[in-house]
Visitor: 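Here's a structure for you.
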Amino acid sequence: MQKNCIYLDNNATTKVDPEVVEAMMPYMTDFYGNPSSMHTFGGQVGKAVKQARQQVAALLGCDDSEIIFTSCGTEGDNAAIRAALLAQPEKRHIITTQVEHPAVLNVCKQLETQGYTVTYLSVNGQGQLDLDELEASLTGNTALVTIMYANNETGVIFPIEEIGLRVKEYGAIFHVDAVQAVGKIPLNMKTSTIDMLTMSGHKIHAPKGIGVLYVKRGVRFRPFLIGGQQERGRRSGTENVPGIIALGKAAELEALHLEEATKRERKLRDRLEQAILTKIPDCEVNGDTTQRLPNTTNIGFKYIEGEAILLYLNQHGICASSGSACSSGSLEPSHVLRAMGLPYTILHGSIRFSLCRYTTEAEIDQVIAVMPDIIQRLRDMSPFKNDQAGWLQAQEQTLAHR
């Protein structure tokens, strides 16, 4: 196992903060009572869960009664979408985008088989939405608009509040998958147009298996999981207490470090990006370079395969990604980059580097040091090299036979 790897895949998951581990461990050993129990032993656990709820609410800028603990971002997205539709059974139209996470896209595709109409908004070459297309798609029959805050592959940030204002004019519910945005962008749900928002603990240095669905007070909500009265009857099932405590502590730390960490991550990200663009020919940044997360860069290298780049990086102990971890194992090009209309010459050779507050200058310098040689070696092995026409033809034939 690589203990000293250079980890630049933080949009996939993050290291659990040692302070988070310390906070949660007693609730895996000594304080194991059920927080719903009437006795004191369980009651003290219930108080700790309440404190964690307040910590998360402080990060999101909302009331703690608006927080529902879930198992992950996928559950939160599913619960929000289905709750919005159950609350408005007379409406049968959904609006989303072509670049959403599979936790949204695949639910929408399933709902199409059940009689719902779904509009998938397009993005331009910079990965941004056309708000006029959104406006033209909204109708009185629109039950839900579900749009991510920031894209997990490119880091592109959407104008969420402007979108929300338009959605409100039509009386639709507005859900935002903010899994990548929480902890990287200041949020204030008290002043936001967002009705429901999803976040996931393992993206902010908490463990996997814990998340949150924010539901604005007054928004009608039908539970996804039905059973007991946990989470005020909105999400049944005995609480994942260690995970909740961990998420609370992680949220507290994110709020504490947010401004400093984002400045530092942006500086390191820009250093990596500019060095690669300067030292390596025929590469470019995918997506809007102004409206994006401070920790993310997605760079396309022409005429080579992203999977090969990752294999060589792995030999140097460097972890990066060619797209969403939830699509890992697929040889298909990224649906996000395809939606942006990127040419085949760049589509297959795109790599995402995503940083966190643990990323160091020395690690970035090491990546800068090895990348030119990796790319040159792969291009030397390529039968196409700078033969754009040959590359395009080969890629088109490959896709045609899949």
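Counting begins at 1 with the first residue of the sequence.
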Visitor: Between Glu305 and Arg379, does any side-chain N to carboxylate O distance fall below 4.0 Å?
Guide: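 No salt bridge links Glu305 with Arg379.
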
Visitor: Flag the pair Arg357 and Glu260 as a salt bridge only when some basic side-chain nitrogen lies within less than 4.0 angstrom of an acidic carboxylate oxygen.
Guide: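 Judged by the 4.0 Å cut-off on N to carboxylate O distance, Arg357 and Glu260 do not form a salt bridge.
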
Visitor: Answer yes when Arg166 and Glu169 have at least one side-chain N-carboxylate O distance shorter than 4.0 Å, and no when they do not.
Guide: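 Judged by the 4.0 Å cut-off on N to carboxylate O distance, Arg166 and Glu169 do not form a salt bridge.
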
Visitor: Knowing that exactly one of Ile204, Ile157, Asn11, Asn10 qualifies, which makes a side chain to side chain contact (heavy atoms under 4.5 Å, CB included) with Lys184?
Guide: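 By the side chain to side chain contact (heavy atoms under 4.5 Å, CB included) criterion, Lys184 pairs with just one of Ile204, Ile157, Asn11, Asn10: Asn11.
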
Visitor: Can you check whether Ile68 reaches Val215 side chain to side chain, under 4.5 Å on heavy atoms?
Guide: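 Yes, close enough: below the 4.5 Å cut-off.
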
Visitor: Check whether Phe221 forms a cation-pi arrangement with Arg234 (NZ or CZ under 6.0 Å from the six-membered ring centre, at most 45° off the ring normal).
Guide: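 Checked: cation-pi criterion not met.
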
Visitor: Between Arg53 and Glu231, does any side-chain N to carboxylate O distance fall below 4.0 Å?
Guide: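 The answer is yes: the pair qualifies as a salt bridge.
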
Visitor: Mark yes or no: Lys168 above the aromatic ring of Phe174, with NZ or CZ under 6.0 Å from the six-membered ring centre and no more than 45 degrees from the axis.
Guide: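 Output no; distance or angle outside limits.
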
Visitor: Once ring pair (Phe, Tyr, Trp, His ring centres under 6.0 Å) is applied, do any residues pair with Tyr27, and if so which ones, sequence neighbours excluded?
Guide: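 Applying ring pair (Phe, Tyr, Trp, His ring centres under 6.0 Å) to Tyr27 gives Phe31.
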
Visitor: With the side chain counted from C-beta on, respond yes when Glu135 and Tyr170 share a heavy-atom pair under 4.5 Å apart, and no when they do not.
Guide: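 Side chain of Glu135 against side chain of Tyr170, heavy atoms only: contact under 4.5 Å found.
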
Visitor: For Ala84, is there any backbone N or O sitting under 3.5 Å from a side-chain donor or acceptor partner on Arg220?
Guide: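 No, the answer is negative, given that no donor and acceptor are paired below the 3.5 Å cut-off.
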
Visitor: Is there side-chain contact between Arg338 and His335, with heavy atoms separated by less than 4.5 Å?
Guide: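 In short, these two side chains touch, coming nearer than 4.5 Å.
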
Visitor: Heavy-atom distance under 4.5 Å between the side chains of Leu197 and Met189, does that happen here?
Guide: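 Side chain of Leu197 against side chain of Met189, heavy atoms only: contact under 4.5 Å found.
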
Visitor: For the backbone of Gly42 and the side chain of His39, can you confirm whether one donor and one acceptor N or O come within less than 3.5 Å of each other?
Guide: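 Yes: the side chain of His39 pairs with the backbone of Gly42.
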
Visitor: Looking at Asn141 and Arg92, would you say the former's side chain and the latter's main chain have a donor-acceptor pair under 3.5 Å?
Guide: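 Such a contact is found between Asn141 side chain and Arg92 backbone.
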
Visitor: Is there side-chain contact between Val56 and Leu247, with heavy atoms separated by less than 4.5 Å?
Guide: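 Result yes, sub-4.5 Å side-chain heavy-atom pair found.
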
Visitor: Can Gln230 and Ser236 be counted as having a side-chain donor-acceptor contact under 3.5 angstrom?
Guide: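 There is no such pair between these side chains.
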
Visitor: Identify which one of Leu272, Thr359, Asp9 satisfies the side chain to side chain contact (heavy atoms under 4.5 Å, CB included) criterion when paired with Phe353.
Guide: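 Going through the options one by one, the only one that passes is Leu272.
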
Visitor: Is there a side-chain contact between Asn295 and Arg269 (heavy atoms, below 4.5 Å)?
Guide: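 No - every pair of side-chain heavy atoms lies 4.5 Å or more apart.
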
Visitor: If every non-hydrogen atom of Asp64 is compared with every non-hydrogen atom of Gln54, which pair is closest and at what distance?
Guide: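 Scanning both residues, the minimum pair turns out to be OD2-CG, 3.3 Å.
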
Visitor: For Phe158, which of Ile147, Leu131, Leu121 qualifies under side chain to side chain contact (heavy atoms under 4.5 Å, CB included)?
Guide: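 The residue from Ile147, Leu131, Leu121 that satisfies side chain to side chain contact (heavy atoms under 4.5 Å, CB included) with Phe158 turns out to be Ile147.
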
Visitor: Once side-chain hydrogen bond (donor to acceptor under 3.5 Å, both in side chains) is applied, do any residues pair with Arg82, and if so which ones, sequence neighbours excluded?
Guide: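 So Arg82 forms a side-chain hydrogen bond (donor to acceptor under 3.5 Å, both in side chains) with Gln110.
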
